[in-house]
Amino acid sequence: MAQTLNNRQIADVFDTIADMLQLKGEIIHRILAYRRVAETIRELPRDLRALAAEDKLNEIDGVGKVLAEKISELLETGELRFYHELAQEIPPGLVEVLRVNGVGPKKAMLFYKELGIASIPALEAAAQAGKLRNLSGMGSKSEAKILESITALARRTNRVRLDTAWAAAEKLLRPLLQLPGVIQGDIAGSVRRGKSTIGDIDLLIASYQPLPIMEAFVHHPDVTRILGQGETKSSVELENGLQCDLRVVPPERYGTALSYFTGSKDHNTRLRERARDRGLSLNEWAFTPLEGGAEVLCASEPEVYAQLGLPWIPPELREDRGEIDLAAQGILPRLIEIKDIRADLHMHTTWSDGKLSVRDMAWIARERGLSYIVISDHSQSLGVANGLSVERLRAQREEIRAVDAEFAPSLRVFQGVEMEIRADGSLDYGDDVLEWLDVVIASLHSGLRQPREQVTARLLNAIRNPHVDIIGHPRGQMIPDREPADLDMDAVFGAAREHDTALEINASPYRLDLDDAHARRAAEMGIKIAVNTDSHNGDGFTALRYGIMTARRAGLRPEEVINTWSVESFLAWLRQ
DNA sequence: GCCGTTTTCGGCCCGACTGTTTTCAGTCG
């Protein structure tokens with residue numbers, strides 16, 4: 001039987017094809033068609049396998065007849081003839097060469113044709129031997145830059161976690177905001193949109209005096225390499241390889257610039273289309289009437305959207321997932337905010353692998369304004385995390401009851417557990433134990449690489465248990481390294497809806513699982529969502545912001561998230 | 001290669017920066 005490819009693998013094939021077409025010198029729009037679909041597939045909340053089975057590949061945005069056939073071929077055979085044909089002309093090593101900063105398709109082909117270079121090591125050797133500088137369009141500076149970029153490749157991280165990027169961005173931006181002549185500044189790009197992984201950082205500042213700001217930016221202590229420095233734009237590389245771009249624009253153009261640099265690309269494309277429909281062209285600087293006439297400047301984002309007849313759209317929604325239509329109809333959801341959250345239903349203490357006592361966690365939760373929490377330590381079979389035997393679970397119950405009595409009524413403290421779904425599919429406690437726990441979260445920590453049928457069956461078994469209330473971090477992904485388990489999410493969602501089992505958005509920036517797209521789909525099916533921090537110490541609670549951003553990206557309203565409910569509503573839901 | 005309440009053909013993504021140019025091509029986001 002042919003090997004089955006998953007969504008990500010198929011997306012990778014299309015991205016490689018896009019690279020090859022680019023090397024061939026194809027027209028950009030054909031290339032973009034492949035890239036767009038690759039990106040869409042990567043974020044798709046449904047399996048291509050399932051969509052293909054339902055003959056619905058054409059319903060994917062950007063997939064027409066040709067790409068649908070290519071997806072089918074990949075699904076059925078694990079191969080793609082078109083890819084192999086291209087590989088005859090374009091050695092796969094050339095695609096690698098494109099990863100070197102400063103080397104695009106034209107240079108790569110030049111090196112290949114003139115010097116037979118088809119790999120990064122070959123490129124490095126040629127540069128070191130001074131063979132590149134004599135080629136047309138090249139010089140010693142370009143050659144040196146290529147060598148530098150090859151060195152930088154080694155420390156280049158692909159994508160980093162949201163919290164890592166956020167911290168780096170704030171550290172860069174904060175001192176700039178103190179400079180004279182700086183009127184305002186923001187983190188833009190995918191950090192502002194709250195994506196779970198970040199490829200680069202975009203900063204924006206409003207000022208009439210860009211030069212000293214650029215100067216300060218490129219000389220920030222975290223900067224290891226200056227990639228470019230101009231009057232309106234500068235780019236640097238940080239120690240961890242992350243790239244950061246800064247743009248400085250005059251304040252009266254700040255709105256269009258912030259909107260433009262927040263993205264996403266697809267959202268911006270839609271905005272430009274809408275502008276064109278209104279006789280305007282839109283770019284980062286202004287609206288310009290197509291028929292000629294004075295520019296329309298926007299100092300703030302709401303002005304940009306108002307110019308397009310739209311209410312301001314929260315950055316987390318700007319992914320071209322229908323948000324512009326909703327905005328146009330005036331039915332954008334009132335997205336959940338941190339202040340809506342009344343409860344955290346998943347946290348650990350010293351009883352298992354947490355760092356603080358039950359009482360400490362309660363104290364911090366109350367400080368943070370929560371009105372109820374669930375202590376959910378690990379269950380017995382998770383030995384590495386000091387999981388609780390039934391006896392210890394009973395002993396912990398006494399302590400939790402005492403802390404609850406101490407903190408009530410301002411904070412209620414319930415006993416839960418994060419129960420292992422064992423590798424063999426059984427649950428870690430019997431019903432006789434589960435029935436007296438206030439809340440049961442069931443999670444997968446082991447056997448995540450089991451075949452689809454097996455790992456899915458384990459999760460379904462947990463969902464169907466009447467005592468299981470929430471599934472913790474359902475897909476088991478770890479950012480940025482560990483792929484989610486190969487779960488049949490259609491089956492998972494179906495069972496969760498049927499049994500009224502909530503699915504978690506684990507707010508830890510290492511997890512953010514469910515991700516935005518799956519959380520959106522689950523909520524659309526009427527499945528309840530929990531946003532929990534999974535705190536193992538006091539700092540863990542700060543992860544809530546990332547969970548909330550993910551929930552907002554999923555378009556969730558407060559009422560769809562059980563952590564916003566009153567304690568009475570929550571208890572009533574548990575009882576039924 | 002996709003897409004259509006202007007269209008089934010002709011648009012789609014354009015501006016900043018760099019280095020090598022001698023007026024601009026290539027790269028990047």
Side-chain angles (χ1 to χ4, degrees), chain A residues 14 17-40 57-71 82 86 97-111 132-146 148-149 188-190 198-204 210 214 218 226-237 242-249 253 256-257 260-279 281-286 288 290 325 328:
Chain A
F14 284 168
I17 289 176
D19 287 337
M20 291 169 146
L21 292 174
Q22 207 152 15
L23 287 161
K24 274 188 69 179
E26 265 287 348
I27 59 155
I28 184 70
H29 300 110
R30 188 176 177 207
I31 295 157
L32 287 176
Y34 279 91
R35 289 221 191 279
R36 264 196 290 268
V37 166
E39 204 178 318
T40 304
L57 290 175
N58 279 302
E59 292 180 13
I60 301 168
D61 223 27
V63 174
K65 188 162 169 288
V66 172
L67 287 178
E69 279 169 6
K70 289 191 164 69
I71 293 171
F82 180 60
L86 278 175
V97 171
L98 290 179
R99 289 176 51 226
V100 178
N101 218 300
V103 179
K106 295 288 194 309
K107 294 262 176 69
M109 279 314 264
L110 177 73
F111 301 155
L132 301 182
R133 66 182 68 162
N134 301 320
L135 299 175
S136 81
M138 290 290 296
S140 51
K141 268 193 171 177
S142 304
E143 190 177 70
K145 210 169 179 183
I146 285 173
E148 206 182 309
S149 296
S190 49
I198 304 296
D200 61 12
I201 294 172
D202 291 289
L203 302 178
L204 186 66
M214 293 303 187
V218 300
I226 302 171
L227 302 170
Q229 184 180 359
E231 210 171 311
T232 67
K233 176 187 169 182
S234 295
S235 295
V236 300
E237 195 178 272
L242 202 59
Q243 188 177 327
C244 180
D245 296 346
L246 169 67
R247 266 98 173 178
V248 180
V249 301
R253 298 180 189 270
T256 41
Y260 188 91
F261 293 117
T262 296
S264 66
K265 249 180 297 167
D266 291 339
H267 178 85
N268 287 350
T269 302
R270 295 276 179 223
L271 291 186
R272 282 198 299 273
E273 281 170 10
R274 203 173 161 88
R276 203 177 313 116
D277 291 345
R278 291 163 182 253
S281 89
L282 168 63
N283 64 18
E284 61 266 52
W285 299 107
T288 311
L290 295 169
D325 284 343

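The structure displayed is predicted, hence computed values, not measured ones. Here is how names work: the chains are called A, B, and so on, in the same order as the sequence lines, proteins then strands, and each is numbered from 1.
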Using atom P in both nucleotides, what's the gap between B/dG1 and B/dT5 to the nearest angstrom?
23 Å

Within this structure, what is the SG-CD distance for the pair A/Cys244 and A/Glu237, rounded to the nearest 0.5 Å?
11.5 Å

Please state whether the phosphate of B/dC14, meaning OP1 or OP2, lies under 4.0 angstrom from any side-chain nitrogen or oxygen of A/Trp285.
no

Nearest-angstrom distance from the residue atom NZ of A/Lys65 to C1' of B/dG1:
12 Å

Got a sec? Which of residues 136-144 of chain A come in under 4.0 Å of DNA chain B, heavy atoms?
A/Gly137, A/Met138, A/Gly139, A/Ser140, A/Lys141, A/Ser142

In whole Å, measure the gap between the C1' atoms of B/dT21 and B/dT27 for me.
16 Å

Over 12 non-hydrogen atoms of neighbours within 6.0 angstrom of CD in A/Glu39:
no

note: A/Glu39, atom CD; B/dG1, atom P; distance rounded to Å ~ 19 Å

If B/dC28 has a Watson-Crick or G-U wobble mate with both distances under 3.5 Å, name it; if not, just say none.
B/dG15

Base, sugar-phosphate alone, or nothing: which one does A/Ile31 contact when heavy atoms must sit under 4.0 Å apart?
nothing

Would you check if the side chain of A/Glu284 reaches a backbone N or O of A/Tyr260 as a donor-acceptor pair within less than 3.5 Å?
no

A/Leu32 has an atom CG; how far is it from atom C1' of B/dC14, in whole Å?
12 Å

I'd like the C1' distance from B/dT8 over to B/dC2, given in whole Å.
12 Å

Please give the distance between the P atoms of B/dA16 and B/dT20 as a whole number of Å.
22 Å

Under-4.0 Å salt bridge between A/Arg270 and A/Glu273:
yes

Interatomic distance at C1', B/dT18 relative to B/dC9, whole Å:
38 Å

Of the listed nucleotides B/dG19, B/dC13, B/dC2, the one nearest the side chain of A/Lys145
B/dG19

Identify the pairs formed between an N or O of the protein and an N or O of nucleotides 26-29 of chain B at a distance under 3.5 Å, and give each distance.
residue	atom	partner	partner atom	Å
B/dT27	OP1	A/Gly104	N	2.7
B/dT27	OP1	A/Gly104	O	3.1
B/dT27	OP1	A/Lys107	N	2.8
B/dT27	OP2	A/Lys106	N	3.1
B/dT27	O5'	A/Gly104	N	3.4
B/dC28	OP1	A/Gly102	N	2.5
B/dG29	OP1	A/Gln243	OE1	3.0

Interatomic distance at P, B/dC12 relative to B/dT7, whole Å
16 Å

A/Leu110 atom CG is separated from B/dG19 atom P, nearest whole Å, by 18 Å

Residue met sooner reading DNA chain B from 5', once A/Met214 and A/Leu135 are mapped to nucleotides:
A/Met214

Between A/Ile60 and A/Asp277, the residue closer to the 5' end of DNA chain B by nearest nucleotide is A/Ile60

Return the value, rounded to whole Å, for the distance between atom CD of A/Gln229 and atom P of B/dG19.
12 Å

Parallel, tilted or perpendicular, as decided by the 30° and 60° cut-offs, for the rings of A/Phe82 and A/Tyr34:
parallel

List in numerical order all residues of residues 265-276 of chain A for which some heavy atom is under 4.0 Å away from an atom belonging to DNA chain B.
A/Thr269, A/Arg272, A/Arg276

What's the gap between B/dC13 and B/dG26 when it is taken at their C1' atoms, as a whole Å value?
16 Å

Could you tell me the separation between the OH atom of A/Tyr34 and the P atom of B/dG1, rounded to a whole number of Å?
4 Å

Interatomic distance, A/Thr232 atom OG1 to A/Met214 atom CE [nearest 0.5 angstrom]
6.0 Å

In whole Å, I'd like the distance from the CD atom of A/Glu26 to the P atom of B/dG1.
7 Å

Length of the CG-P vector between A/Leu227 and B/dT18, whole Å:
10 Å

